[in-house]
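Just so you know, these numbers use all the heavy atoms, side chains as well, and skip hydrogens, waters and symmetry mates. Just so you know, ligand 1 is whichever comes first in the structure, and atom 1 is the first atom listed for that ligand.
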Amino acid sequence: MATGSVEKRARVAPAAEPATVLECRDLNVHFDTPDGRIAAVNGISFDLKRGRCLGIVGESGSGKSQTFLGILGLLASNGHAVGSVKLHGEEILNVPRRRLDAIRGEKLAIVFQDSITGLTPHKRIGEQLSEVLTEHRGLGRTAARAKVLEMLELVRIPEAEKRFRMYPHEFSGGMRQRVMVAQALLCQPDVLIADEPTTALDVTVQAQILKLFKGLADHTNTALVMITHDLGVVAGLCDEVMVMYAGRVVEHAAVDELFYAPRHPYTRGLLACMPRADRDSEALTAIPGQPPDLAALPAGCAFAPRCPYAFERCEAERPTLSLAAPGHARACHLEALP
Ligand SMILES: Nc1ncnc2c1ncn2[C@@H]1O[C@H](COP(=O)(O)OP(=O)(O)OP(=O)(O)O)[C@@H](O)[C@H]1O
Ligand code: SF4
Ligand SMILES: [Mg+2]
């Protein structure tokens with residue numbers, strides 16, 4: 001009987017890993033400023049898989065946005081990205097502007113926190129959304145209009161026909177954000193990057209929009225990157241998560257692993273700050289101290305000045321990201337958290 005069950009198990013093929021869409025290797029982003037060089041992103045590597053959602057968390061200034069702005073060729077003029085980023089095997093880091101514009105329209109879309117900056121104020125919503133399809137997909141005006149109306153309905157914009165003719169300022173914040181989601185998904189991108197897409201909105205609207213995101217991304221098998229301060233968002237939406245500190249990934253694991261068995265002191269600190277229904281808010285503990293100056297990163301672990309477990313080696317030697325368990329990487333000199 002035991003043998004039978006082993007045979008049965010052996011016959012069950014393991015679930016196929018979804019295909020890798022985007023492969024980022026050793027990405028660095030720095031900014032040259034009058035006060036020196038700022039190392040905003042330092043040696044980041046990850047894969048994005050079709051239909052999966054990767055969460056990126058970390059305090060303000062930890063390099064979350066610059067990582068993806070670097071990938072998309074959208075850094076400020078004093079910024080430089082170095083490394084390798086492949087989309088379906090094609091190198092896209094620092095390729096000429098025209099090629100990047102085409103890729104951004106068709107394969108990689110980003111939704112920012114502030115929907116007003118993503119929309120052109122003097123153009124009607126319908127017109128700007130239709131352009132996405134006429135310019136990038138070669139659709140005629142009538143076909144584009146029909147598709148835009150369909151998408152507006154999908155993101156639950158009421159009275160889509162009427163809204164089609166309205167200007168961005170005539171929409172509420174929540175509705176503008178839905179329009180941004182619709183715009184990003186119109187070309188059915190392979191990768192959708194959402195950079196704090198709901199921070200400016202009230203909590204109920206946030207939840208609706210995040211659900212919408214996930215539902216639409218699942219529906220179209222898009223790889224989703226969710227950049228957020230909010231670990232609650234990660235828990236609800238993401239499959240895996242990368243925790244960033246001072247421009248580096250300090251922990252990378254499946255969401256359940258990271259929540260139930262964090263292996264980096266910083267992640268544990270973030271989890272302790274997270275509001276939970278079973279804990280009163282006074283029990284919340286912000287991590288004491290400040291992140292380091294990115295213009296003068298220490299030789300050792302950047303988290304050492306704030307780490308309750310720091311020991312001699314931490315000041316002298318920077319921990320590298322290595323596997324602590326299958327699929328669970330962390331950058332810390334401790335074998336295990338005390
Ligand atoms: N043009 C620039 N010149 C110099 N430094 C810059 C420039 N743009 C960004 N930075 C620095 O890069 C670092 C990383 O910024 P980034 O925007 O990625 O942070 P973030 O993790 O997205 O933070 P937040 O959660 O506040 O959005 C910050 O310290 C920021 O000050
Ligand atoms: S390497 Fe040392 S200082 Fe850094 S997180 Fe681990 S224990 Fe703390
Ligand atoms: Mg940011």
Side-chain angles (χ1 to χ4, degrees), residues 27-44 55-81 110-114 117-118 193-200 225-231 233-234 241-252 262-273 287-322 324 329-338:
L27 178 71
N28 292 272
V29 172
H30 64 259
F31 295 96
D32 287 319
T33 74
D35 299 325
R37 179 165 282 197
I38 294 186
V41 177
N42 303 293
I44 288 197
I56 314 284
V57 293
E59 281 164 298
S60 188
S62 57
K64 304 181 297 295
S65 297
Q66 301 309 323
T67 300
F68 290 90
L69 293 174
I71 290 173
L72 291 163
L74 294 172
L75 292 174
S77 57
N78 63 335
H80 305 273
I110 185 160
V111 178
F112 295 104
Q113 169 182 342
D114 178 5
T117 56
I193 299 153
D195 191 351
E196 310 263 5
T198 59
T199 310
V225 176
M226 191 59 73
I227 301 175
T228 177
H229 284 105
D230 188 343
L231 278 165
V233 168
V234 170
V241 56
M242 276 187 351
V243 180
M244 290 188 67
Y245 187 78
R248 291 186 199 281
V249 174
V250 294
E251 188 158 7
H252 185 171
R263 289 179 184 258
H264 195 283
Y266 178 61
T267 312
R268 184 185 268 181
L270 286 182
L271 289 169
C273 304
I287 304 172
Q290 294 294 323
D293 178 0
L294 296 174
L297 282 172
C301 176
F303 189 57
R306 301 171 76 184
C307 180
Y309 314 113
F311 57 107
E312 224 168 86
R313 185 177 171 200
C314 307
E315 308 270 337
E317 188 189 325
R318 186 167 57 75
T320 52
L321 199 64
S322 60
R330 54 86 182 91
C332 177
H333 292 312
L334 291 172
E335 281 297 317
L337 285 187

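When side chains are defined from C-beta on, Leu231 counts as touching Leu270, because their heavy atoms get closer than 4.5 Å. For the pair Pro298/Pro292, a side-chain contact is recorded, criterion being any heavy-atom separation below 4.5 Å from C-beta on. When side chains are defined from C-beta on, Thr67 counts as touching Met244, because their heavy atoms get closer than 4.5 Å. Considering only heavy atoms from C-beta on, Asn42 comes within 4.5 Å of Asn28 through its side chain. Using a 4.5 Å heavy-atom threshold, the side chains of Leu69 and Gln66 count as touching. Side chains of Leu337 and Pro265 form a contact here, defined as non-hydrogen atoms less than 4.5 Å apart. Proximity of Arg330 to Pro262: side-chain heavy atoms (C-beta onward) are nowhere separated by under 4.5 Å. Within the 4.5 Å cutoff, the side chain of Glu251 has no heavy atoms near those of the Tyr266 side chain.
Within ligand 1, the atoms closer than 4.0 Å to a non-hydrogen atom of Glu59 are 21 (O), numbered from 1 in the order shown. Close approach of ligand 2 to Ala304 (heavy-atom distance below 4.0 Å) involves ligand atoms 3 (S). Heavy-atom contacts of Ala76 reach the following atoms of ligand 1: 1 (N) (cutoff under 4.0 Å). Set against the non-hydrogen atoms of Asn78, the atoms of ligand 1 under 4.0 Å away are 1 (N), 2 (C), 3 (N), 4 (C). Listed by atom number, the atoms of ligand 2 under 4.0 Å from His333 heavy atoms are 1 (S), 6 (Fe). Listed by number with element, the atoms of ligand 1 under 4.0 angstrom from any heavy atom of Thr33 are 4 (C). Residue contact check: Cys314 has heavy atoms under 4.0 Å from atoms 1 (S), 2 (Fe), 3 (S), 7 (S) of ligand 2. Which parts of ligand 2 touch Pro319 is read off a 4.0 Å heavy-atom cut-off, strictly below it: atoms 1 (S). Every atom of ligand 2 with a heavy atom of Leu334 under 4.0 Å away is listed here by number and element: 7 (S). Those atoms of ligand 2 with a heavy atom of Cys332 less than 4.0 angstrom away are 1 (S), 5 (S), 6 (Fe), 7 (S). The distance from ligand 1 to the heavy atoms of Ala40 drops below 4.0 Å at these ligand atoms: 12 (O), 13 (C). Close contacts of ligand 1 with His229, meaning ligand atoms under 4.0 Å from a residue heavy atom, involve 25 (O).
Among the atoms of Cys301, no N, O or S atom falls under 2.8 Å of atom 6 (Fe) of ligand 2. At a cut-off of 2.8 Å, Cys307 is counted among the residues with an N, O or S atom near atom 8 (Fe) of ligand 2.
Atom 27 (O) of ligand 1 has as its closest protein heavy atom Ser65 OG, 3.9 Å. For atom 26 (O) of ligand 1, the closest non-hydrogen atom on the protein side is Ser60 OG, 2.5 Å. Ranking protein heavy atoms by distance to atom 6 (C) of ligand 1, first place goes to Phe31 CD1, 3.5 Å. In terms of protein heavy atoms, atom 9 (C) of ligand 1 is closest to Gln66 NE2, 3.5 Å. Scanning the protein for heavy atoms near atom 21 (O) of ligand 1, the closest one is Lys64 NZ, 2.8 Å.
Using bins of under 30°, 30° to 60° and over 60° for the plane-to-plane angle, the ring pair Phe303/His264 lands in the tilted bin.
Looking at Leu294 against ligand 1, only its side chain comes within 4.0 Å, counting heavy atoms. Neither the backbone nor the side chain of Thr67 has any atom closer than 4.0 Å to an atom of ligand 1 (non-hydrogen atoms only).
At least one heavy atom of His264 lies less than 4.0 angstrom from ligand 2. Not close to ligand 1: Gly79, with no non-hydrogen atom less than 4.0 angstrom away. For Gly63, the heavy-atom gap to ligand 1 drops under 4.0 angstrom.
The shortest heavy-atom contact between Glu315 and Ala304 is OE2-CB, 4.2 Å. Taking each heavy atom of Gln290 and Tyr245 in turn, the nearest pair found is O-OH, 3.9 Å. Smallest separation of non-hydrogen atoms from Ala246 and Leu297: CB-CD2, 4.1 Å.
To the nearest 0.5 Å, atoms OG (Ser65) and CD1 (Ile227) are separated by 5.0 Å. Separating the CG atom in Leu75 from the NE2 atom in His30 is a distance of 9.5 Å, to the nearest 0.5 Å. Leu74 contributes atom CG, which lies 13.0 Å from atom CZ of Phe68 (distance to the nearest 0.5 angstrom).
Of the options Gly61, Ala39, Ala295, the smallest heavy-atom separation from atom 19 (O) of ligand 1 is shown by Gly61.
Using a 4.0 Å threshold on non-hydrogen atoms, atom 30 (C) of ligand 1 does not count as touching the protein.
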